[in-house]
Amino acid sequence: MANKFVLYNTLSRSKEVFEPIFSPNVGLYVCGPTVYGDPHLGHARPAITFDLLFRYLTNLGYKVRYVRNITDVGHLENDADEGEDKIAQKARLEKLEPMEVVQYYTNRYHKMMDALNVLPPSIEPHASGHIIEQIDFVKTILEKGLAYESEGSVYFDVEKYNQSHHYGKLSGRVLDDLLNSTRKLDGQDEKRNPFDFALWKKASPSHIMRWNSPWSVGFPGWHLECSAMGTKYLGERFDIHGGGMDLQFPHHECELAQNVAALGHESVKYWMHNNMITINGQKMGKSLGNFINLSQMFDGSHPLLVQPYSPMTIRFFILQAHYRSTLDFSNDALIAAEKGLDRLFEAHRNLAKIVPSAQSSIDVEGFSQKCYDALADDLNSPIMIAHLFDMVRQINSAIDGSATITAVGLTELKRLMNLFLNDILGLKPEATGRSKNADAFAGAVNLLLEIRQEAKLKKDWATSDLIRDKLKALGFDVKDTKEGYDWKLSI
RNA sequence: GGUACCUUGGCCGAGUGGUCAGGCAGCGGUCUGCAAAACCGCGUACGGCAGUUCGAAUCUGCCAGGUACCUCCA
């Protein structure tokens, strides 16, 4: 742990040195998906951002417990069916059991995350599996006098809380402003103040997902699950809480207040928020209807896409921007990322072709240091990737013979490239599927290229170019090398 | 309306008060039978206007444009 890891804390609005509360253990909580729809490009951002963090911290030697929840109850829909649980509504729509919908989209989420090489968290708790813990949480807040019951629902008393604490400290909100800008919602008259939020909500007759509680048959409030599950699995104090910037308010603000109300102190030391992915400069979101599903990205089926993009291209695209910047989607940017990543992988593979020298012109140690420095500076993956590309040039030069590296240096470089590329950035070459089919296929292409070699020896350029051009038309990139030839499938 | 943030070369995207981001695309060269790939070289970019400063794209103010949150949202 030579490098001081510095990360941006939303709470202080500044970069802080990371010091775990109980080193070497690190508690990390990230808001996971609401499983009522197919995962889209927006879901990939936090997943990959915090996957990078998880991998990096683990690599630094920390023992990380990573909790990422599945939200499968509670969140209210805000359209015609106001007040109905999202999951319940979807279930009625598709004539499925709510938990069937939950299971289906959870499976989909896992499948997409797996494709993106996002490591599974240590614990993935479901909100629906922690109703008892959430009810207990509500009870505690009621006992502390910071919540009140009204018509079978329980609301957090924001104004009272604000008398002794600062509601709005995370998001920079001022209570008076909220009073004027809070929108009128259903059930508003049950509340003392419009900005009070539900801890427990009484279920309407049409509401399918419902549980018994001391107050009513209903369901837990929208922000409660993270308070309850974070506390359960990471303790009353833990290190990092992450999520998308759009969750900062009200979700995380409320969560923070709930924890202070129930526990008497804040739970989270560092709050991290990733920025949004935009499309034509506008946030990509479910409610805006401009999102692209991950499966559509992978197969190119969305009308905005001119071609499919592999999971690794998506991952690389996201890592090429800093997590706190917005990232604008475009085909040009994706294609550029795809080509760049290709070059990176190619150099990584070509490491095997380097012949070591007695001297070294490549500064392996400096390279390592620069990469670690970039990560240590608030997870600056774009800078790290820039250093990786600098190394690509040197690797290619070494193959050309215009740069040199010692055997020891080469071994270390191979280790570092594996570490940075595969283990930390989580970029792995797309599976080529070594099968009998593929072997036969490769054999046939090689045979053609052998014939081309013979034609070349006879200076029969017509035949040699014919083979190359026809293969090219079929999607094979053929290139001549000192030893003979090389090829790859470019589609 | 309130609050916060953003505006970098053809595109994407880092960063800093005073030599370099990086990728993609483009141009020139080396190599090649020709290509491809690779390597070498090339772009004097930082929204506008003022101010602070020896010096600002980087700090301050104003203006313009954009975005986010304030409502479920990654």
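Fair warning: this is a prediction, and the values are worked out from it, not measured in the lab. Every chain is numbered from 1, with letters handed out A, B, ... down the list of sequences.
Nucleotide B:C39 forms a Watson-Crick or G-U wobble pair with B:G29, both donor-acceptor distances falling under 3.5 Å. In this structure B:A50 sits in a base pair with B:U60, meeting the Watson-Crick or G-U test at under 3.5 Å. With a cut-off of 3.5 Å on both pairing distances, B:G17 has no Watson-Crick or G-U wobble partner at all. Nucleotide B:C34 is matched to nothing when pairs are restricted to Watson-Crick or G-U wobble geometry with both distances under 3.5 angstrom. Applying the Watson-Crick and G-U wobble criteria (two distances, each under 3.5 Å), B:C5 pairs with B:G66. Of the nucleotides present, none pairs with B:G55 by Watson-Crick or G-U wobble criteria with both distances under 3.5 Å.
Listed nucleotides: B:C69, B:U67, B:G33. Nearest to the side chain of A:Asp465: B:G33.
A salt bridge does not link A:Glu346 with A:Arg343: none of the charged nitrogens is closer than 4.0 Å to a carboxylate oxygen. Under the 4.0 Å criterion applied to side-chain N and carboxylate O atoms, A:Asp465 and A:Lys472 are not assigned as salt-bridge partners. Salt bridge present: A:Arg55 and A:Asp51 bring a charged side-chain N and a carboxylate O closer than 4.0 Å. A:Asp390 has no carboxylate O lying under 4.0 Å from a charged side-chain N of A:Lys370, or vice versa, which leaves the two without a salt bridge.
If you find the closest nucleotide of RNA chain B to A:Met284 and to A:Val174, the one lying nearer the 5' end belongs to A:Val174.
As a whole-Å value, the separation of A:Phe345 CZ from B:G23 P is 17 Å. In this entry the distance linking CE of A:Met391 with C1' of B:C39 reads 16 Å, nearest Å. One interatomic measurement links the two molecules: OH of A:Tyr105 to P of B:C73, which rounds to 17 Å at whole-angstrom precision. Going from atom NE2 of A:His251 over to atom P of B:C73 covers 7 Å, rounded to whole Å. The nearest whole Å value for the distance from the CD atom in A:Glu253 to the P atom in B:C69 is 16 Å. Counting to the nearest Å, the P atom of B:A21 and the NZ atom of A:Lys370 are 14 Å from each other. Protein atom NZ of A:Lys353 is 13 Å distant from nucleotide atom P of B:C39, rounded to whole Å. Atom CZ of A:Arg173 and atom P of B:U3 are 11 Å apart (whole Å).
A:Glu338 comes within 4.0 angstrom of nothing in the nucleic acid, heavy atoms only. At a threshold of 4.0 angstrom between heavy atoms, the contacts of A:Met245 with the nucleic acid are absent. If you check every strand for non-hydrogen atoms under 4.0 Å, A:Lys339 touches sugar and phosphate atoms only. Among the protein residues, A:Asp469 comes within range of no part of the nucleic acid, since none of its heavy atoms lies under 4.0 Å from any strand. Counting non-hydrogen atoms under 4.0 angstrom, A:His273 reaches nothing in the nucleic acid. Within the nucleic acid shown, A:Arg452 comes within 4.0 Å of at least one base atom, counting heavy atoms only. As judged by a 4.0 angstrom heavy-atom cut-off over every strand, A:Gly244 is placed among residues touching the sugar-phosphate backbone only.
Atom P of B:G17 sits at a distance of 14 Å from the matching atom of B:A57, rounded to the whole Å. Nucleotides B:G47 and B:G29 place their P atoms 35 Å apart, quoted to the nearest Å. Rounded to whole Å, the separation between the C1' atoms of B:C69 and B:U16 comes to 30 Å. Nucleotides B:G66 and B:A25 place their P atoms 32 Å apart, quoted to the nearest Å. B:A21 and B:A45 have their P atoms separated by 11 Å, with the value rounded to a whole Å. Here the separation of B:U44 from B:A36, taken at their C1' atoms, is 32 Å to the nearest Å. Rounded to whole Å, the separation between the C1' atoms of B:G55 and B:C40 comes to 34 Å. For the P atom pair drawn from B:U58 and B:C49, the interatomic distance equals 12 Å after rounding to whole Å.
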For nucleotides 12-19 of chain B, list the nitrogen or oxygen atoms of the protein found under 3.5 Å from its nitrogen or oxygen atoms, one pair per line.
| from | atom 1 | to | atom 2 | distance (Å) |
| --- | --- | --- | --- | --- |
| B:G13 | OP1 | A:Asp328 | N | 2.9 |
| B:A14 | OP1 | A:His322 | N | 2.7 |
| B:A14 | OP1 | A:Ser325 | OG | 2.9 |
| B:G15 | OP1 | A:Asn380 | ND2 | 3.2 |

What nitrogen or oxygen pairs link the protein and nucleotides 36-38 of chain B at under 3.5 Å?
| from | atom 1 | to | atom 2 | distance (Å) |
| --- | --- | --- | --- | --- |
| B:A36 | N1 | A:Asp480 | O | 3.3 |
| B:A37 | O2' | A:Lys479 | NZ | 3.1 |
| B:A38 | O3' | A:Asn396 | ND2 | 3.0 |
| B:A38 | O2' | A:Asp400 | OD2 | 3.3 |

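Applying the 4.0 Å criterion to OP1 and OP2 of B:A74, one finds that A:Thr34 has a side-chain N or O inside that range.
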For A:Arg108 and A:Leu294: C-alpha separation, side-chain torsions, deciding distance, then whether side chain to side chain contact (heavy atoms under 4.5 Å, CB included) applies. CA-CA 10 Å; A:Arg108 292 286 293 169; A:Leu294 285 168; over 6 Å; no
Please determine whether side chain to side chain contact (heavy atoms under 4.5 Å, CB included) holds for the pair A:Ser295 and A:Asp38, giving the CA-CA distance in whole Å, both sets of side-chain angles, and the decisive distance to 0.1 Å. CA-CA 8 Å; A:Ser295 62; A:Asp38 223 37; 3.6 Å; yes
A:Glu225 and A:Asn69: CA distance, side-chain angles, deciding distance, side-chain hydrogen bond (donor to acceptor under 3.5 Å, both in side chains) verdict: CA-CA 9 Å; A:Glu225 55 180 286; A:Asn69 64 295; 3.0 Å; yes
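Closest non-hydrogen pair, A:His241 versus A:Cys226, comes out as CE1-CB, 4.4 Å. Residues A:Gly426 and A:Met312 share a closest heavy-atom pair of O-SD, 3.8 Å. Closest heavy-atom contact between A:Asp196 and A:Glu159: OD1-N, 4.3 Å.
Between A:Tyr270 and A:Glu16, the side chains place no donor N or O within less than 3.5 Å of an acceptor N or O (distance only, hydrogens not considered). Remark: the A:Asp72 side chain and the A:His126 side chain contain an N/O donor-acceptor pair separated by less than 3.5 Å.
One donor-acceptor pair, N or O on each side, does fall under 3.5 Å between the base of B:C34 and the side chain of A:Arg468.
We find that the ring of A:Trp461 and the base of B:G33 stack, their centres lying under 5.5 angstrom apart and their planes tilted less than 30°.
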